[in-house]
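Have a look at the structure below, then the notes.
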Amino acid sequence: MAKRPQYRGGYGGPNMNQQASLMRQAQKMQEDLMKAQEELEKSQFTAKAGGGVVTATVSGKHELLAIEIAPDAVDPDDVEMLQDLIVAAVNAANQMVETASVESMSKISGGLGL
């Protein structure tokens, strides 16, 4: 009777120890990503517009938490300018959230492009 070839874990892939190690690394990375996301969501980001006459604070979840408007920014004849300043401040604060998120995730993923 002919000898049957032994199965050795297949097609040049990682062996069981390597697979277990990769799984542990993936689980650790997932835990780190979740922790970083939780920290980001608890953070607050503040941005100013119009030389500081409008200040917006948002959470890491992109929720507007506070808006501060200097009294001299309120011109009843130019409401559109105030509206534009508010939008600019909120957008700048939200951009800060995005930047912090990308930086946090890239530190954890180690440049894996995740």
Mind listing the side-chain donor-acceptor pairs of residues 20-32 below 3.5 Å, one per line with the distance, residues two or more places apart or on another chain?
residue: Lys28; atom: NZ; partner: Asp32; partner atom: OD1; Å: 3.0
residue: Lys28; atom: NZ; partner: Asp32; partner atom: OD2; Å: 3.0

Legend entry - N/O donor-acceptor pair under 3.5 Å between Glu103 side chain and Ala100 backbone: no
Legend entry - Least distance between heavy atoms, Val97 atom then Gly60 atom: CG1-O, 3.5 Å
Inset, instruction - Indicate the atoms forming the closest heavy-atom contact of Ser43 with Glu39, along with that distance. - result: OG-O, 2.9 Å
Inset, instruction - Kindly state each residue pair satisfying side chain to side chain donor-acceptor pair (under 3.5 Å) with at least one member in residues 66-76, sequence neighbours excluded. - result: none
Legend entry - For the student: nearest non-hydrogen atoms of Met105 and Ala36, plus distance: CE-CB, 4.1 Å
Inset, instruction - Mind checking the NZ-CD spacing from Lys42 to Gln37? Nearest 0.5 Å is all I need. - result: 12.0 Å
Inset, instruction - Give the cluster check for Leu40 versus Ile108: same hydrophobic cluster or not, with ILVMFWY residues linked at side-chain heavy-atom distances below 4.5 Å. - result: no
Inset, instruction - Consider only side-chain heavy atoms of I, L, V, M, F, W and Y, link residues closer than 4.5 Å, and tell whether Ile67 and Leu82 are in one cluster. - result: yes
Throw together a table of side-chain donor-acceptor distances under 3.5 angstrom for residues 87-96, partners on residues two or more places apart or in other chains.
residue: Asn91; atom: ND2; partner: Val87; partner atom: O; Å: 3.4
residue: Asn94; atom: OD1; partner: His62; partner atom: ND1; Å: 2.8
residue: Asn94; atom: ND2; partner: Val90; partner atom: O; Å: 3.4

Legend entry - Derivation and outcome, side-chain contact (heavy atoms from CB on, under 4.5 Å), residues Leu85 and Ile69: CA-CA 9 Å; Leu85 291 173; Ile69 302 170; over 6 Å; no
Inset, instruction - Looking only at non-hydrogen atoms, find the nearest pair between Val58 and Leu65 and report the distance. - result: C-CD1, 3.9 Å
Inset, instruction - Check whether any side-chain N or O of Ser106 sits under 3.5 Å from a backbone N or O of Val102 as a donor-acceptor pair, and report yes or no. - result: yes
